[in-house]
Amino acid sequence: MQVVEDVVIVGAGISGLTTALGLHRLGIRSLVLESFHSLRITGFALTTWTNAWKALDAIGVGDYLRQQHLTLLGNVVFSRISGLQTFEMSFKEKGKYGDHENRCVKRKLLLEALASELPSGTIRFSSKVVSIEESGYFKLVHLADGTILKAKILVGCDGVNSVVAKWLGFKPPVFTGRSAIRGCAEFKSSHDFDPMFMQYFGNGVRSGVVPCDDKNVYWAITWTPSSQEKELEENPAQLKRYMLSKLGKVSDEVRAVVENTDLDAFISSPLRCRHPWELIWGNISKGNVCVAGDALHPMTPDIGQGGCAALEDGVVLARCLGEALLKNRSQEIRDEGEQGKVEYKMIERGLNKYASERKWRSFDLISTAYVVGFIQEADGKIMTFLRDKFFSPILAGLLLKKADYDCGKLRSF
């Protein structure tokens with residue numbers, strides 16, 4: 001049996017739920033398909049920069065999340081080799097779009113905040129998409145349980161292994177040669193960390209520690225694993241011990257954060273990204289289909305913009321679809337066949353507008369993240385000297401520069 005849906009969103013991650021909530025705010029119903037049995041909270045937390053808060057405010061959940069997370073005051077960089085501070089930058093300066101704002105938001109709270117604002121039944125769990133086919137002005141979305149959904153609009157927010165991105169012709173994201181481990185330590189009483197984003201570089205390893213609130217501290221380590229190190233991935237206890245040995249000269253407080261993290265967090269994840277030129281030559285949208293979030297712009301975590309860009313995607317996409325669908329509703333078209341054609345063309349124009357707006361922004365973020373990660377994780381005495389003495393202010397400045405962006409409001413019509 002085929003079920004007709006106006007908007008089908010594949011994936012209940014950050015971009016999928018943001019798009020659905022944006023459409024809901026505009027009075028447009030959508031159906032979100034999630035292959036997992038519940039909201040996915042892997043990743044633990046994410047840095048949310050100024051651009052992310054603009055998007056969160058646009059969909060009406062910004063203030064709720066602000067109340068539960070500390071405001072970060074600045075960025076401090078240390079050498080893993082000497083243990084000495086090499087650079088410090090304040091986040092208090094003004095940008096092009098007003099005051100900078102940065103917090104480390106727990107992923108679980110973010111997803112729950114987005115999902116809680118959606119009407120009951122919007123998210124359908126345990127719904128894995130296995131194939132997509134054309135059917136006139138519709139797309140037929142085939143699920144693993146045999147259900148077939150007939151969608152007027154199909155949005156792929158299904159991550160780096162996106163079925164929708166593959167249908168649009170994108171190649172799988174490439175492995176960068178680097179891996180990451182992320183975790184979050186919860187202290188029984190308040191921790192002693194200042195509200196700062198702390199980074200450590202040296203000997204081919206990059207790590208970061210940042211408080212989320214009074215009791216939770218998020219951390220991440222990225223490095224280029226050898227074949228011997230990859231064998232440790234099968235044993236979380238060994239991997240934890242190995243990561244502690246890779247921390248270098250850090251304070252006892254920072255070391256305690258990793259030590260206090262449960263073994264469940266010690267899963268090594270390969271870092272993948274999309275070749276940025278694919279966004280220029282590829283199809284971000286085609287007809288009534290498009291992609292957003294990691295399905296569109298998988299990137300390395302080196303400028304902390306993956307989740308922020310996904311929030312931007314959701315707001316821009318909801319706005320462009322709102323323009324197409326709401327304007328179409330206001331038109332009187334008596335012929336039913338003509339109605340379908342007109343609606344399809346308006347949807348296509350809306351998605352083309354979205355693709356045009358997100359193309360260069362995504363290109364910029366993917367490219368910048370890759371270059372920043374290459375410099376930050378580079379080994380060797382010459383590169384270490386240049387990074388610690390000259391590049392640190394430039395790299396830190398890029399964090400604020402790329403975050404100084406406003407995706408706009410939900411309504412422009």
Aromatic plane relationship, Phe197 with Trp49 - under 30° parallel, 30 to 60° tilted, over 60° perpendicular: perpendicular
Are side-chain heavy atoms of [X] and [Y] found at a separation under 4.5 Å?
X      : Y      : result
Leu365 : Lys402 : yes
Leu73  : Lys92  : yes
Ile14  : Leu111 : yes
Val289 : Trp167 : yes
Ile148 : Leu143 : no
Pro195 : Phe193 : no
Val217 : Val209 : yes
Val76  : Gln199 : no

Criterion salt bridge (Lys or Arg N to Asp or Glu O under 4.0 Å) on Glu259 and Lys240, from CA distance to verdict: CA-CA 8 Å; Glu259 289 176 340; Lys240 180 176 183 177; over 6 Å; no
Phe78 and Tyr200 aromatic centres sub-6.0 Å: yes
If we ignore hydrogens and angles and just use 3.5 Å, is the side chain of [X] paired with the main-chain N or O of [Y] as donor and acceptor?
X      : Y      : result
Thr368 : Asp364 : yes
Thr19  : Ser15  : yes
Ser162 : Val160 : no
Asn216 : Cys212 : no
Asp213 : Lys215 : yes
Arg274 : Ala295 : yes
Ser251 : Val254 : yes
Glu34  : Phe36  : yes

By side-chain hydrogen bond (donor to acceptor under 3.5 Å, both in side chains) - contacts of Lys139 (at least two apart): Glu134, Asn288
Would [X] and [Y] count as having a side-chain donor-acceptor pair, cut-off 3.5 Å?
X      : Y      : value
Trp219 : Thr261 : yes
Asn75  : Glu88  : no
Thr222 : Arg178 : yes
Glu117 : His24  : no
Asn260 : Glu186 : no
Ser356 : Asn352 : no

For the atom pair [atom1] ([X]) and [atom2] ([Y]), what is the distance rounded to the nearest 0.5 Å?
X      : Y      : atom1 : atom2 : answer
Tyr137 : Lys341 : OH    : NZ    : 6.0 Å
Phe91  : Asn102 : CZ    : CG    : 5.0 Å
Ser30  : Ile9   : OG    : CD1   : 4.0 Å
Leu296 : Leu168 : CG    : CG    : 10.0 Å

All salt bridge (Lys or Arg N to Asp or Glu O under 4.0 Å) counterparts of Lys108, not counting sequence neighbours: Glu112
Sequence-distant partners of Arg182, salt bridge (Lys or Arg N to Asp or Glu O under 4.0 Å), two or more places apart: none
Closest contact, heavy atoms only, [X] versus [Y]:
X      : Y      : value
Leu70  : Pro211 : CD1-CB, 4.1 Å
Leu399 : Asp302 : CD2-O, 4.0 Å
Leu317 : Ala292 : CD2-CB, 4.5 Å
Cys290 : Leu351 : SG-CD2, 3.8 Å
Val8   : Ala151 : CG2-CB, 3.6 Å
Ala113 : Val61  : O-CG1, 4.1 Å

Inter- and intrachain pairs under side chain to side chain donor-acceptor pair (under 3.5 Å), touching residues 53-64, at least two apart: Thr48-Trp53, Asp57-Arg66, Asp63-Arg66, Tyr64-Gln68
side-chain contact (heavy atoms from CB on, under 4.5 Å) against Ala55, all qualifying residues, sequence neighbours excluded: Leu311, Val315, Cys407
Any salt bridge linking [X] with [Y]? Criterion: basic side-chain nitrogen under 4.0 Å from a carboxylate oxygen.
X      : Y      : answer
Lys286 : Glu348 : no
Asp145 : Arg124 : yes
Arg255 : Glu253 : no
Glu278 : Lys171 : no
Lys96  : Asp406 : no
Lys353 : Glu323 : yes

Residue from Arg358, Arg361, Lys359 passing salt bridge (Lys or Arg N to Asp or Glu O under 4.0 Å) with Asp313: Arg358
Test side chain to side chain donor-acceptor pair (under 3.5 Å) applied to Thr50 and His100, step by step: CA-CA 5 Å; Thr50 310; His100 283 286; 3.2 Å; yes
Audit row: Ile59, Leu114, side chain to side chain contact (heavy atoms under 4.5 Å, CB included) steps and yes/no: CA-CA 9 Å; Ile59 55 175; Leu114 296 171; 3.4 Å; yes
More than 12 heavy atoms of other groups within 6.0 Å of Phe187 CZ: yes
Donor-acceptor pairs are to be reported for all side-chain atoms of residues 263-273 against protein atoms at under 3.5 Å, with residues two or more places apart or in another chain.
unit_1: Ser268; atom_1: OG; unit_2: Glu233; atom_2: OE2; d: 3.4
unit_1: Arg272; atom_1: NH1; unit_2: Asn161; atom_2: OD1; d: 3.4

Step-by-step side chain to side chain contact (heavy atoms under 4.5 Å, CB included) determination, Leu279 to Phe170: CA-CA 9 Å; Leu279 302 180; Phe170 281 111; 4.2 Å; yes
Leu400/Glu93 under side chain to side chain contact (heavy atoms under 4.5 Å, CB included): CA gap, chis, key distance, verdict: CA-CA 10 Å; Leu400 289 184; Glu93 62 181 85; 3.9 Å; yes
Val164/Val129 under side chain to side chain contact (heavy atoms under 4.5 Å, CB included): CA gap, chis, key distance, verdict: CA-CA 9 Å; Val164 182; Val129 175; 5.9 Å; no
